[in-house]
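So you know, we letter chains A, B, ... as the sequences are listed, proteins then strands, and number each from 1.
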There are 2 protein chains.
Amino acid sequence: MNLGLSVKLKADFERLSARSQAVARWMIDHPADVALLTTREQARRAGVSPATMTRLAQRFGFKGYDDVRKLYADAMRGRPESFRGRAQELVSRRADEGDAALVQDIFASLVPHLQALSSPGAVKRLTAAADLIAKAKRVFCLGLRSTFSVVYIFHYVRSLFGAASVLVDGAGDTGIDVLRTIGRGDVLLAVTVRPYTQHTLKAVCYAKEKGARIVAVTDSELSPLAPFADEILIVDTETPSFFHSMTPAFAAIECLAALIAARRGRETLKALVQSEEQLSAFGTYILPSKKSRAKT
Amino acid sequence: MNLGLSVKLKADFERLSARSQAVARWMIDHPADVALLTTREQARRAGVSPATMTRLAQRFGFKGYDDVRKLYADAMRGRPESFRGRAQELVSRRADEGDAALVQDIFASLVPHLQALSSPGAVKRLTAAADLIAKAKRVFCLGLRSTFSVVYIFHYVRSLFGAASVLVDGAGDTGIDVLRTIGRGDVLLAVTVRPYTQHTLKAVCYAKEKGARIVAVTDSELSPLAPFADEILIVDTETPSFFHSMTPAFAAIECLAALIAARRGRETLKALVQSEEQLSAFGTYILPSKKSRAKT
DNA sequence: AAAAATATGAAACATCTGTTGTAACAGCGT
DNA sequence: ACGCTGTTACAACAGATGTTTCATATTTTT
C-alpha cells in the first residue's frame, strides 16, 4: 500500500515553498509519526509552525492537517482502500441521510472485516485449520443461534463434497447427543461469538476431553473457546447498526470449506458428480434447458 | 506486534472488573486503534466511560491511559513491514503460492459483490423490500439447501426483534406445510440461486395464488422467481473457486433485517430487551462478569 | 441484613488541540 | 525607494482531550 499523498508530495515537491518542502520531507521520512503524533508535535519536529502544517494540507485539498493524519492512520491499519471508501461513503451520505446511509455504512464496514481475513496472519490460521480438518476422520459442526447459519453452510458444502460431516443439531433438542461418539481423530468445528453460548463451550470441553481436536471460530483471542482450541479463527462482528453481523464469519467458513475441498482435490470432484446425479434423480433442481416438468 | 502489556492484560484478565475486562478485550482485539485513536474515542468504541480507561491504565502502573497509547504507538513504529507497501509486497508474493492465493482471491472477489449491494439501484430495492416486509402481517422465510443459511439468519434476527416470522423448515419434510395458512397480508421471503430449487418455485407460485406478496432474493433478473416477485434482490454468487458463495446473499439479508428493525424502531428495542431477559433466564449465554454459575 | 469495599459514570477541570486572523518578513519588478 | 506578492510565525479562539472528583450503584464481607 502506498500513500497517494506521498506520491503527490514528491511530484509537487519542487513547486512547494521552502517551509512546505521541509514539512514534506519530514512527512516522507517519518510516515509513522504522521499517523501517531499531534499536528503541533509534528510541526515542532519538522521545525515549522503548526499553521504551516494546516496550510500545506489545505493546499492539497484537505480540510485540514487532521484529515492527513487520519489518512496515514488508515494506511497504517493496513486498509488500503479505506480512504476511497470513506470518501464515497461521505458523498452518498450527503445524498441521502436515511436508509441509504445505513446500507452504505453496513457494507462499508464489512469490507475491512473481509480484508482482515486475507491478511497474512489470518491466512495462516485458515490454512492451519484447513490442514487439521482435512486430516480428520469426521468433522462435527456446532454453532447455536445466530452462528447456526455459519455451521450449516459449512456442513452443507462439506456434504456436497462427500466428506464426513455431522451437523450438531436435531429436532427435540437432541442435538448434542451426536457428540457421544466423538473421539480421537475427529474434529469439532465450533462457532460462537459474543455473547458466547453456554452449550457451545460445554460441548467443546466435552469433545476435548474425549480426545477430539477443536477448530474454533470466534470473535476474540479472549473467547472462552480459545483455551481449548487447537486452531482458532478470529472474525469481526461489529457493524454501525446495533446488532452484530455474521457475514465475516460466514465468509471465513466458506473460504475454509474451499481450502479443504482443494486439499481433497480429485476426491472432491468425484463426490460432486455423485451429488449432482443424486439431486437430479430426485428432481431437486429446475433444469436449465427446456421446460421444467414439475412432478409431485 | 509484541506488546508486553497485552500479555499482562491476558494474564490478569480474570482478576479485572467487568468494565475493565471489556476494555482489555477491546484493546487486545484492536491493538492498532489503541495507538491511533483518542482515549475518549476508544472508550466510546469499547462501550465504557473514559474514566475507566484511565483507571485501567493506572492499575497497571501507568500514570494514565495516554502512556498506554504511547506504548502502543512505539510498538507500531517498530514494525514498518505493515507500512510503506512492504505489507502488500508480502501479500502479493505469497499470493502466488497456492492456499494464500485462493484465500486472497475469494475475499477479493467478495468485496466488489458487496459494493454492488450498496449501489443506488440495490439500495432502492433493499428499501422497497424492507417497506413491504415491515408492513406485512407475517413473514414466511423459505430457502432450501445452500440458501437455508441465509433465511435462517433472517428468521433468527427477526425473531429476536419480536416480529412475526415463520421459518419454512421442519423435521420429516413437513416444512412446506406451514405455508398452508399463508394469505393476503403475508409476505413470502424466498431465496434461491442457480441451480434453482424446484420446491422454492412451487412454494412461490402457491403463495402468490393465495394472495401473499413475494420478496425474492436470487442471482439474476432471469431467475424463475422473477415473474412472481413483488420485490426482487439480486445478489452475486461467483467466486474464483469452483463453488458458489452465499456470502453476498447473506450480507444482503442481514442488511435487509437491519432496515426492517430500524423501521420498527422503539418496538424493536422493547422486543430485544424481552429476548435478552428470556435468554438470560434460561442461562443460554455465558455471563460476562465473574463466576458464571452454569445451570442444567 | 447491614456495613464496608469496590466499581462505575456524569460532570468538572485544567490543559492541549487544530485552525484561523493578523502582522511581519523576504523576494522581486518597477 | 516603493509597492506588491506570497510565506511564515505568533497569538487567539473554540472545541476537544485526558484526568480527577464525587455521588451513585454494585459487589463482597461481616
Side-chain angles (χ1 to χ4, degrees), chain A residues 5 9 12-27 30 32-74 83 86 90, chain B residues 5 9 12-27 30 32-74 273 276-277 280 286-294:
Chain A
L5 184 55
L9 236 37
D12 288 5
F13 190 80
E14 308 295 338
R15 273 178 286 283
L16 293 175
S17 68
R19 290 322 227 193
S20 296
Q21 282 191 3
V23 176
R25 183 171 295 127
W26 187 87
M27 287 172 69
H30 308 89
D33 289 325
V34 175
L36 293 167
L37 302 177
T38 65
T39 302
R40 278 182 129 99
E41 177 64 19
Q42 292 180 46
R44 217 165 296 145
R45 298 203 185 183
V48 156
S49 120
T52 307
M53 311 291 282
T54 298
R55 298 201 165 106
L56 175 66
Q58 287 169 340
R59 177 180 307 258
F60 280 89
F62 297 89
K63 202 200 150 213
Y65 195 78
D66 239 22
D67 287 6
V68 174
R69 228 187 27 214
K70 277 180 193 137
L71 178 65
Y72 273 67
D74 282 345
F83 186 69
R86 193 160 301 184
L90 284 177
Chain B
L5 183 54
L9 238 36
D12 288 6
F13 188 79
E14 306 295 339
R15 274 178 284 284
L16 294 176
S17 70
R19 274 354 213 195
S20 297
Q21 282 191 2
V23 176
R25 192 187 302 267
W26 186 89
M27 287 172 68
H30 307 88
D33 288 325
V34 175
L36 293 167
L37 301 176
T38 65
T39 301
R40 278 181 129 99
E41 176 64 15
Q42 293 180 46
R44 209 181 56 75
R45 299 204 184 181
V48 151
S49 110
T52 307
M53 311 292 283
T54 299
R55 281 195 278 257
L56 176 66
Q58 287 170 341
R59 172 186 295 261
F60 280 87
F62 298 88
K63 200 202 153 210
Y65 194 80
D66 234 24
D67 289 7
V68 174
R69 227 189 24 218
K70 276 176 194 140
L71 183 65
Y72 273 66
D74 284 344
V273 171
E276 267 172 34
E277 275 169 11
S280 80
I286 296 168
L287 299 177
S289 63
K290 308 256 163 153
K291 298 163 193 169
S292 63
R293 276 182 311 161

Rounded interatomic separation in angstrom, taking CD from B:Glu41 and C1' from D:dA16: 12 Å
Presence of A:Thr52 side-chain N/O under 4.0 Å of D:dA9 phosphate oxygens OP1/OP2: yes
OP1 or OP2 of D:dG18 under 4.0 Å from side-chain N/O of B:Thr39: yes
B:Arg45 atom CZ: more than 12 heavy-atom contacts under 6.0 Å: yes
Nearest-nucleotide pick for B:Ala18, side chain only, options being C:dT8, D:dT8, D:dT19: C:dT8
d(OH, B:Tyr65; P, D:dT20) in whole Å: 16 Å
Candidate nucleotides D:dT20, C:dT19, D:dC10, ranked by approach to the side chain of A:Ala51 - the nearest: D:dC10
Atom pair distance, as rounded to whole Å: CE in A:Met53 and P in C:dT19: 10 Å
Nearest-angstrom distance from the residue atom CZ of A:Arg69 to C1' of D:dA16: 12 Å
Whole angstrom value for the distance that separates P of C:dT17 from CG of A:Asp67: 18 Å
Separation of atom CG in B:Leu56 from atom P in C:dT8, rounded to whole Å: 10 Å
Side-chain touch B:Val23/B:Met27, heavy atoms, less than 4.5 angstrom: yes
Side-chain heavy atoms of B:Thr39 within contact of B:Val68, under 4.5 Å: no
Whole-Å gap separating P (D:dT28) and CZ (B:Arg15): 15 Å
Option passing side chain to side chain donor-acceptor pair (under 3.5 Å) with A:Asp66 (candidates A:Lys70, A:Arg69, A:Lys63): A:Arg69
Flag side-chain contact, heavy atom, 4.5 Å: B:Arg55 against B:Arg19: no
A:Thr38 side chain near C:dT17 phosphate (N/O to OP1/OP2, under 4.0 Å): yes
Base D:dG6 paired with A:Arg59 side chain (donor-acceptor, <3.5 Å): no
Distance below 4.0 Å between A:Ser17 side-chain N/O and D:dT8 OP1 or OP2: yes
Sugar-phosphate, base or nothing in reach of B:Gln58, heavy atoms under 4.0 Å: sugar-phosphate
Atom pair distance, as rounded to whole Å: CG in B:Leu37 and C1' in D:dT17: 13 Å
Phosphate OP1/OP2 of D:dT8: any A:Ser49 side-chain N/O under 4.0 Å: no
B:Arg19 side chain near D:dT26 phosphate (N/O to OP1/OP2, under 4.0 Å): no
Donor-acceptor pair under 3.5 Å, B:Arg55 side chain vs C:dG9 base: yes
Comparing A:Arg40 and A:Pro50 on DNA chain D - which has the more 5′ nearest nucleotide: A:Pro50
